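One structure is given here, and the rest of the page talks about it.
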Protein chains: 2
Amino acid sequence: MKLEDELKQKSFKNPYHRMMVNVMFTGNWLMKELSCQLKPLGLSSQQNNVLGILRGQYPNPATLGLIQERMMDRDSNATRLVDKLLEKGLVTRCQCSHNRRQVDIVITEKGLELLKETDKIIQGLEDRFKQIAPEEATLIGELMDKLREREA
Amino acid sequence: MKLEDELKQKSFKNPYHRMMVNVMFTGNWLMKELSCQLKPLGLSSQQNNVLGILRGQYPNPATLGLIQERMMDRDSNATRLVDKLLEKGLVTRCQCSHNRRQVDIVITEKGLELLKETDKIIQGLEDRFKQIAPEEATLIGELMDKLREREA
DNA sequence: AAACATCAGTTGTATGTACAACTATATAAA
DNA sequence: TTTATATAGTTGTACATACAACTGATGTTT
């Protein structure tokens, strides 16, 4: 559905304005599609994001700082996200021995198993985008990178 | 900055995966750029969104239902957003006479004045995207629409 | 070694989001 | 007319986000 129909708006001021609104709207829409599908597994998209980061480190531990700098939304509170994952037995947490300020976090076997399920969900979402050609997907990625670029 | 550097990740599974993550990340990033700039005016992006919708109706009133269906994030609670705007004297709210279930909301002069300020902020954001050519901006808009399309 | 600064993480709090239950009014059916 | 159903908004609550203040551990300076 075109953005104008989604927001029941006749038109936008100019292409830049339409682009800005559309990127925010579509990003939010996609995030909700994902969250909605992860919900039956009892995971939020941020929790899934953290688990994915931990799998990337596995079998090495990750500190909260490492997690934070790799999260999609860096304003989320890594401490409390890990609390939730801990409650569900998806990660372990223990004080790092050589630097007691740090906390080592490792994904558990159960966490790795759960990620196999979320991989299927992500795959399903990717399949949902068949109307986008692979070259277009690449292009969108490039344009998003360019959008965030800063001029000198 | 490229997405891989933002998230300190070596690569993505495939172009679709990179696209999905990038659209979510960039949408969120843009929303934060906007929120951050609106903050000095005491407005959240959602509040600004509602004010803009009310200006579109002005001088006619809008009901909460109309506001809700035009908001970028429809899960936001229109009642409470309007509460906030009311506290600041940016809108008026009164029970509709011919259907007392409905509530008529109208933007005030003060609200219209404030929108002139936020217009400048939006304009400033648009100027920030000079690295994007107008045709590219149009293209991004079209690709975002296509992304949300559903196959039959 | 004592004092100070920095760092890694935690906690507190105001605000926002998601979603369901509720109230009051209006419309339709029996 | 009474009961049932749908509609427009409101309220409650659990959870998430934004951001600042705090605690404890480690480095650095003198």
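For the numbers below, each heavy atom of this structure counts, side chains included, while hydrogens, waters and symmetry mates do not. So you know, we letter chains A, B, ... as the sequences are listed, proteins then strands, and number each from 1. Bear in mind the structure is a predicted one, so any value in this text is a computation, not a measurement.
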State whether a side-chain donor-acceptor pair under 3.5 Å links A:Glu126 with B:Asn14. yes

Dot-bracket line, read 5' to 3' along DNA chain D, where crossing pairs take [ ] and | marks a partner on another strand, Watson-Crick or G-U under 3.5 Å: ||||||||||||||||||||||||||||||

Inspect the contact between [Y] and [X] and indicate whether a charged nitrogen and a carboxylate oxygen are less than 4.0 angstrom apart.
X: A:Lys110; Y: A:Glu113; answer: no
X: B:Lys10; Y: B:Asp5; answer: no
X: A:Lys13; Y: B:Asp119; answer: no
X: B:Lys130; Y: B:Asp127; answer: no
X: B:Lys88; Y: B:Asp83; answer: no

Tell me: [atom1] of [X] to [atom2] of [N], nearest whole Å?
X: B:Gln95; N: C:dA24; atom1: CD; atom2: C1'; result: 9 Å
X: B:Asp75; N: D:dA16; atom1: CG; atom2: P; result: 15 Å
X: A:Leu81; N: C:dG9; atom1: CG; atom2: P; result: 14 Å

Can you sort out which residues in residues 23-43 of chain A have a heavy atom within less than 4.0 Å of DNA chain D? Ascending by number, please. none

From [X] atom [atom1] to [Y] atom [atom2], the distance as rounded to the nearest 0.5 Å:
X: A:Arg93; Y: A:Ile105; atom1: CZ; atom2: CD1; value: 6.5 Å
X: B:Cys36; Y: B:Met31; atom1: SG; atom2: CE; value: 13.5 Å
X: B:Arg128; Y: B:Gln37; atom1: CZ; atom2: CD; value: 9.0 Å

All N/O donor-acceptor pairs, side-chain side in residues 135-144 of chain B, below 3.5 Å, sequence neighbours left out:
from, atom 1, to, atom 2, distance (Å)
B:Glu136, OE1, A:Lys146, NZ, 3.2
B:Glu136, OE1, B:Ala133, N, 2.9
B:Glu136, OE2, A:Lys146, NZ, 3.1
B:Thr138, OG1, B:Pro134, O, 3.1

Test side-chain contact (heavy atoms from CB on, under 4.5 Å), reference B:Leu115, set B:Leu43, B:Leu54, B:Ile107, output is B:Ile107

Given that A:Asp73 and A:Arg100 both sit by DNA chain D, which one's nearest nucleotide is further toward the 5' end?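 The answer here is A:Asp73.
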
Does anything in residues 2-35 of chain B pair up under ring pair (Phe, Tyr, Trp, His ring centres under 6.0 Å), and if so which pairs, sequence neighbours excluded?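 Pairs touching residues 2-35 of chain B that pass the test: B:Phe12-B:His17.
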
Does A:Ser76 place a side-chain N or O at less than 4.0 Å from the phosphate oxygens OP1/OP2 of D:dA16?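 The answer is no; no side-chain N or O of A:Ser76 sits under 4.0 Å from OP1 or OP2.
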
What I'd like to find out is whether the side chain of A:Leu7 reaches to under 4.5 Å of the side chain of B:Arg74, using heavy atoms alone. yes

What string of B, S and - do you get for nucleotides 7-15 of chain D, 5' to 3', if B is base contact, S is sugar-phosphate-only contact and - is no contact with any protein heavy atom under 4.0 Å? BSSBBBB--

Near DNA chain C, under 4.0 Å by heavy atom, which residues of residues 46-61 of chain A?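 Hits under 4.0 Å, by residue number: none.
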
